[in-house]
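From a predicted model like this one, the values you see are computed outputs, not experimental measurements.
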Amino acid sequence: MQLLENAIREKGRALNSDVLLVDSFLNNQVDTALMAACGQAFAEAVRDQGIDRVVTIEASGIAPAMMTAMVLNVPMVILKKSPSKILNEGTLQAEVFSFTKGAPYHLTMKTAYVHPGEKVLLIDDFLAMGEAAKGAASLIERAGAEVRAIGIVIEKSFQPGRGLLEGMGYKIISLARVAAMSENGVTFGLADA
Ligand code: G4P
């Protein structure tokens, strides 16, 4: 997606060869017009799939997922990274190892909002190791629903996430695929949408 690649080139900053900072339009401040365009692109890519729900992981997945769900006219469901202190009845949990944080956490989904037989589009902001998306997909499937595709705003193609998820049979739709990055800039591979 050209608009997104332009934003990454102009506003992103490679902290090192592994980490891309996109605080100003995705992680800390949200460029709403850009997220709306991401939503259009994801929705277009799954147009004929009969998606019933968009599921995402808090926090930074919410903006692109919301925009996509609006275009598809379906609900958006948020998976939480910390269990509720009040009530965990009617929830499913999956342990996910975060390589960034160096520790595991529990992803929690309320079963009331994902039903057996539903077709789900899973959306997240970054694809790095693929552990978060793998955990989220396992929750959706344990609820009896089907993950029709995994939509990613920024894929770091030099990390193993895409290979892991494709190896499990998931279809990946990445709007920007970062092939490499350094202080000299970012190189992109061919995006999926
Ligand atoms: P995974 O998400 O593919 O499993 O890989 P990893 O464990 O490495 O990622 C953990 C967190 O770090 C996720 O966000 C992910 O989006 C983020 N992340 C990974 N690589 C980058 C990067 O190059 N740049 C930025 N800005 N983020 C990256 P999170 O901690 O869950 O954050 P949030 O969604 O609550 O904002």
Salt bridge present between [X] and [Y] (N-O < 4.0 angstrom):
X      : Y      : value
Glu58  : Lys81  : no
Glu155 : Arg177 : yes
Asp23  : Arg13  : no

Could you tell me whether the side chains of Gln29 and Ser24 share a donor-acceptor contact shorter than 3.5 Å?
-> no
Are [X] and [Y] in one and the same hydrophobic cluster, where Ile, Leu, Val, Met, Phe, Trp and Tyr link if side-chain heavy atoms are under 4.5 Å apart?
X      : Y      : result
Phe25  : Val178 : yes
Val114 : Leu72  : no
Leu139 : Met76  : no

Just wondering, do [Y] and [X] contact through their side chains at under 4.5 Å, heavy atoms?
X      : Y      : result
Lys134 : Met168 : yes
His106 : Ser82  : no
Val46  : Ile173 : yes
Arg162 : Ile152 : no
Thr56  : Val77  : no
Met181 : Phe158 : yes
Phe126 : Val22  : yes
Leu127 : Lys156 : no

Working to the nearest 0.5 Å, report the span between [atom1] of [X] and [atom2] of [Y].
X      : Y      : atom1 : atom2 : answer
Tyr113 : Thr91  : OH    : OG1   : 12.0 Å
Asp52  : His115 : CG    : NE2   : 10.0 Å
Met1   : Gln40  : CE    : CD    : 9.5 Å

Assess whether atom CG of Asn28 is packed by more than 12 heavy atoms of other residues, nucleotides or ligands within 6.0 Å.
-> yes
Check the pair Leu4 / Leu34 against side chain to side chain contact (heavy atoms under 4.5 Å, CB included), numbers first and verdict last.
-> CA-CA 7 Å; Leu4 178 61; Leu34 180 61; 4.2 Å; yes
